[in-house]
Amino acid sequence: VQIGGVQWNVHSMGRGDFLRIHNDDLRNRQFAFVLYLSPAWNETYGGTLHLVDGTRTIQIEPRYNSLVVFDVTHGIRHFVETIRPSAEHRRRISFGGWLLRPS
C-alpha cells in the first residue's frame, strides 16, 4: 500500500467527553489510526472505541501503548463512548489521525 501523507492530532478526553458515531471516509483518507497514551487507564472509566461494520460492532478498550488501525474506505463507522465520572480527574490521551491515499 502506498501512502500519500499523514494527518494527525492529539485528543485529551475527560469526564463527560465522547465522540458521536461518524465515518472518516473523507477527502483522500485511507487508514485511521489511534495510539493510546494514558498509562493508568481502566476500562471502568469508559472511553471505549466502537467500530461498527454493518450489524457487527467491535469494542476496543483504550489500553496504554496500544495502536488501532482501520481502513476507512470500507464504510466502517465508529464512536467513543462517554468518559464516566469514575475517571475523576484522569484524561484519556491519544495520538491519532489518518494515512492518506497517494494524490
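- The shortest non-hydrogen separation linking F79 to L19 is CB-O, 3.2 Å.
- In terms of hydrophobic clustering, with Ile, Leu, Val, Met, Phe, Trp and Tyr side chains grouped at heavy-atom distances under 4.5 Å, L99 and L67 are assigned to a common cluster.
- Under the 4.5 Å side-chain contact rule for hydrophobic residues, I60 and Y45 share a cluster.
- F31 and V52 fall into different hydrophobic clusters, defined by Ile, Leu, Val, Met, Phe, Trp and Tyr side-chain heavy atoms under 4.5 Å apart, directly or through other members.
- The number of heavy atoms from other shown groups lying within 6.0 Å of CZ (R77) does not exceed 12.
- The two residues N23 and D25 make their nearest non-hydrogen contact at OD1-N, 2.6 Å.
- Looking at every heavy atom in both residues, L37 comes nearest to Y64 through C-CD1, 3.7 Å.
- By the 4.5 Å heavy-atom criterion applied to side chains, R92 and W41 are counted as neighbours.
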For this session: Take Q7 and L100 through the test side-chain contact (heavy atoms from CB on, under 4.5 Å) and record every step on the way to the result.
Result: CA-CA 8 Å; Q7 293 176 334; L100 307 177; 3.9 Å; yes
For this session: Could you please spell out the steps behind the side-chain contact (heavy atoms from CB on, under 4.5 Å) verdict for T48 and H50?
Result: CA-CA 6 Å; T48 299; H50 295 253; 3.9 Å; yes
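- Ring centers of H78 and H22: under 6.0 Å apart, within the cut-off.
- When side chains are defined from C-beta on, N28 does not count as touching W98, because their heavy atoms never get closer than 4.5 Å.
- Summarising the local packing, CZ of R63 is surrounded by 12 or fewer heavy atoms from other residues, nucleotides or ligands at distances under 6.0 Å.
- Contact annotation: the side chain of L49 approaches that of Y36 to within less than 4.5 Å [non-hydrogen atoms, C-beta and beyond].
- Among all heavy-atom pairs drawn from V34 and S94, the shortest one is CG2-CB, 3.6 Å.
- Panel note: side chain R90, backbone R15; no donor-acceptor pair is recorded below 3.5 Å.
- For the pair N65 and L35, the tightest heavy-atom approach, listed with the atom from each and the gap, is C-CD1, 4.0 Å.
- Here the closest heavy-atom approach between residue P62 and residue G46 is recorded as CG-O, 4.2 Å.
- Between the side chain of R56 and the main chain of L51, no donor-acceptor pair closer than 3.5 Å is present.
- Checked against ring-ring contact (aromatic ring centres under 6.0 Å, His included), H11 has no partners two or more places apart in sequence or in another chain.
- The six-membered or imidazole ring of W8 lies near that of F95, with a centre-to-centre distance under 6.0 Å.
- Under the 4.5 Å side-chain heavy-atom criterion for Ile, Leu, Val, Met, Phe, Trp and Tyr, I58 and I76 are members of the same hydrophobic cluster.
- Taken from CD in E61 to OG1 in T44, the straight-line distance is 9.5 Å, to the nearest 0.5 Å.
- Side chain of S38 to backbone of R91: a donor-acceptor contact under 3.5 angstrom is found.
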